[in-house]
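Here is the structure we will look at, set down as structure tokens.
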Amino acid sequence: MPTEKDFTDVIYGLSRKRGFFWGPSPEIYGGTAGFYDLGPLGKLLKNRLEGQIRAAFVRANFWEVECPIVSPAVVWKASGHLEGFIDPVTRCTKCGQAYRADTLIEEEFPDAHIHGLSLEALTEKIQELGVVCPSCGGALGPVEQYNLMLRTRVGLDTEAYLRPETATTTYLLFKRLLTFFRHRLPASVFQIGKAFRNEISPRQGMLRLREFTQVEGQIFLLDSHEQDWAPFSGIADRRLPLLPYQLQESGTETPLDITVGEALDKGYFQTPAYAWCVHLAYSIFRDMGFGEDVMRLRQHLPEERAHYAADAWDVEIHTRSFGWVECCGVHDRGDYDLSRHQKYSKERLSVKVDKKPVIPNVLEIAFGVERPLYCLIDNAYVEDEERTWLRFPSPVAPIQVAVFPLMGKPELVGPAREIYNTLLNSGLVVYYDQGGSIGRRYRRQDEIGTPFCITVDYDTLEDHTVTVRDRDSMAQVRVKCSELTSTLHSLVRSETTFASLAADPT
RNA sequence: GCGGCCGUUGUCUAGGGGUUAGGAUGCAGGCCUUCCAAGCCUGUGGCCCGGGUUCGAUUCCCGGCGGCCGCACCA
């Protein structure tokens, strides 16, 4: 097994070689940091993850929508992203080093009142206080904006931005959604789509992208719903690995193992509805194939929270490449967003409660797909003296079944191709291979995580059975051709295990 | 964005001012082969991009792009 230091290289090497992801894109022009291409296997894997995510949201009674990626500036003024996404930056005139102007001033002069100051005022403040470059002592230049949103232009001169999150575009639909939901709250919607962040210097490849696919689920609800959340009873006894902020502040890294109900009683969660969302986020990541041992839920420290968040918990996944990785945020956004959009759009975004207008709250589950995608490959990678393989859970494996003739002889190739076509037509993603020795073909499939391989041999011609070979155990069991399709569908969906099939062959 | 190191076939790498740029592996075709990267033959494919120095640059210099590490950034 490679050391942790080299592990990233192992995953990137394998991904490049086998076609999971390539980049930075566009590679033939040297690439731009923060942009990656998905190869055929990466796209299959991502589709499977999105499929699991979509199914989980639908089961939880969320409805999917899709909004434009580009929105005019006013949307982002309203959402707060034009303020929140712009960092005041100052640059040393001598060594060129760039700093966040506000944090720099605060570090040296904690008592300076700089909150809410304009760029000009910050520039003046730096001169007034005599703040200089911490690394070389040179004079600092004027404070300018660094915008983390990608700007574009619509038509001739309409200022617009590529969305830095999908959530805001979902909120813009609120009036329409109210009609769709026949004015009944709570109402839950989600969106899966591209979002863009113009990171200053993205590193860590797939984990920090300038363009990525975001999944964001939103629940519109009232204060009363947050306390009286019917689905909560169904999950109150589920256990979660929780790392509340108080625990982190005391230096603990080991999460509590307590039930959702207990966590609520102890005040780690403010409301049953929010607790339910955290559990839903956790279960979505379970569905994507992460084991309990590599997952934990970490609460944001109060100073970590985003401009809109009243409370925030993250789903974190453990990787061999980077240790714990933040993969999903669960936010209580309160009525911040709808209030802002009501104010800026002058549209009524309230509902009537006891004949009074009330702006609903929003609970949000937000994550990018590329992070779990990377983490899943990272977690799936196994290497021993004999072989290298990806231990994807069958339901998310990119290629589900491979079909081989034992040798490239016509009498075996014919039936093997027939089986391949049958399986392909049944809806499975199947790979046919007759090149090289049978062992080499097994290894090829191991390395891309194909859970099951079918081999047609001379016995097949006699008794119409084939061997089904299990990726993880390398064990084989003979299955009748007539039952092959249904057996494989069942195996791939993890409805039956290979072990049980081996114990009770058809 | 700053500083340091780095950039050779698909992957891993050797080399180095004039080389047919070498190896391993992969991949393709063939022979062989009755279940786990066997063997043999043939083939495939490379010096990140742009300038400069030089008779000549993949090699040296400058810039760009990208990667890694540190600082900053990660709403």
Side-chain angles (χ1 to χ4, degrees), chain A residues 5-6 8-10 12-19 22-35 39 76 79-87 89-92 94-101 103-104 107 133-136 138 144 146-149 164-165 167-168 195-205 207-210 304-309 312 326 329 331 366 368 385-389 404-409 411-412 435-447 453-461 466-471 473-476 478:
Chain A
K5 191 174 180 299
D6 302 326
T8 331
D9 293 336
V10 171
Y12 279 88
L14 178 67
S15 292
R16 264 201 295 279
K17 181 175 160 194
R18 292 304 196 175
W22 296 309
S25 179
E27 283 193 286
I28 64 168
Y29 288 106
T32 303
F35 297 93
W76 307 110
S79 71
H81 288 91
L82 259 179
E83 301 158 29
F85 260 62
I86 290 175
D87 292 331
V89 172
T90 179
R91 204 171 286 282
C92 173
K94 197 168 144 200
C95 72
Q97 178 70 19
Y99 301 95
R100 276 280 297 267
T103 52
L104 187 63
E107 269 168 28
C133 174
S135 68
C136 78
E144 293 169 341
Y146 182 77
N147 194 338
L148 284 160
M149 285 195 294
E165 61 166 21
T168 286
F196 301 80
R197 288 171 194 184
N198 199 13
E199 304 282 357
I200 298 171
S201 70
R203 285 189 196 168
Q204 301 186 313
L207 294 194
R208 218 172 132 206
L209 298 169
R210 285 175 165 141
E304 262 184 296
R305 286 177 205 150
H307 64 270
Y308 47 70
E326 282 183 30
H331 308 119
E385 318 75 44
E386 200 181 349
R387 60 186 186 135
T388 293
W389 75 104
F404 314 139
L406 181 59
M407 291 177 300
K409 301 284 191 193
E411 63 269 28
L412 297 178
S437 71
I438 187 71
R440 176 185 297 276
R441 284 175 271 159
Y442 284 141
R443 294 294 184 271
R444 277 190 197 125
Q445 295 306 314
D446 286 342
E447 209 181 23
C453 294
I454 307 304
T455 300
V456 171
D457 58 18
Y458 285 97
D459 290 344
T460 308
L461 307 181
V466 292
T467 60
V468 177
R469 180 260 197 188
D470 174 56
R471 177 196 63 208
S473 64
M474 294 175 21
Q476 296 183 359
R478 293 202 78 90

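Residue numbers start from 1 in every chain, and the chains themselves are labelled A, B, ... in the order their sequence lines are given, proteins ahead of strands.
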Which value, in whole Å, describes the distance between the [atom1] atoms of nucleotides [N] and [M]?
| N | M | atom1 | value |
| --- | --- | --- | --- |
| B:G45 | B:C62 | C1' | 31 Å |
| B:C61 | B:U25 | C1' | 36 Å |
| B:U34 | B:C41 | C1' | 24 Å |
| B:U59 | B:C40 | C1' | 38 Å |
| B:G10 | B:G46 | P | 7 Å |
| B:C48 | B:C65 | C1' | 8 Å |
| B:C60 | B:U20 | C1' | 25 Å |
| B:G50 | B:U9 | P | 16 Å |

| Side chains of A:R478 and A:T460: does their closest heavy-atom pair fall under 4.5 Å? |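 A side-chain contact exists here, since the closest heavy-atom pair is under 4.5 Å.
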| said: Does any part of the side chain of A:L461, heavy atoms only, come nearer than 4.5 Å to the side chain of A:L412, both counted from C-beta? | reply: yes
| task | Take A:T32 and A:R208, find for each the nucleotide of RNA chain B with the closest heavy atom, and name the residue whose nucleotide sits nearer the 5' end. | result | A:T32
| Toward the 5' end of RNA chain B, by each residue's nearest nucleotide, A:E326 or A:Y29 |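 It is A:Y29 whose nearest nucleotide is closer to the 5' end.
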Taking every non-hydrogen atom, the tightest pair across [X] and [Y]:
| X | Y | value |
| --- | --- | --- |
| A:R203 | A:R208 | O-CB, 3.4 Å |
| A:S473 | A:D470 | OG-OD2, 2.6 Å |
| A:R444 | A:G435 | NH1-O, 3.1 Å |

Gap between atoms [atom1] and [atom2], on [X] and [N] respectively (whole Å):
| X | N | atom1 | atom2 | result |
| --- | --- | --- | --- | --- |
| A:H81 | B:C74 | NE2 | C1' | 14 Å |
| A:L209 | B:C74 | CG | P | 17 Å |
| A:R203 | B:G4 | CZ | P | 14 Å |
| A:R441 | B:A38 | CZ | P | 11 Å |
| A:L207 | B:G67 | CG | P | 13 Å |

Sort me out a list of protein N/O and nucleotides 6-14 of chain B N/O pairs below 3.5 Å, or just none if empty.
none

Kindly say whether [Y] contributes a backbone atom to a donor-acceptor pair with the side chain of [X] at under 3.5 angstrom?
| X | Y | result |
| --- | --- | --- |
| A:D9 | A:Y12 | no |
| A:S79 | A:W76 | yes |
| A:E165 | A:T168 | yes |
| A:W22 | A:R16 | yes |
| A:R441 | A:P405 | yes |
| A:R210 | A:E199 | yes |

| task | Fill in the dot-bracket string of RNA chain B, one character per base: . for unpaired, | for a pair to another strand, ( ) or [ ] for pairs within the strand, taking Watson-Crick or G-U pairs under 3.5 Å. | result | (((((((..((((....[...))))((((((.......))))))...(((((..]....))))))))))))....
| task | Using a 4.0 Å cut-off on protein heavy atoms (strictly under), produce a 5'-to-3' string for nucleotides 27-36 of chain B with B for base contact, S for backbone-only sugar-phosphate contact, and - for none. | result | SS----BBBB
| query | Of A:R387, A:R471, A:R440, A:K17, which meets salt bridge (Lys or Arg N to Asp or Glu O under 4.0 Å) against A:E447? | reply |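 Exactly one option meets the salt bridge (Lys or Arg N to Asp or Glu O under 4.0 Å) with A:E447, and it is A:K17.
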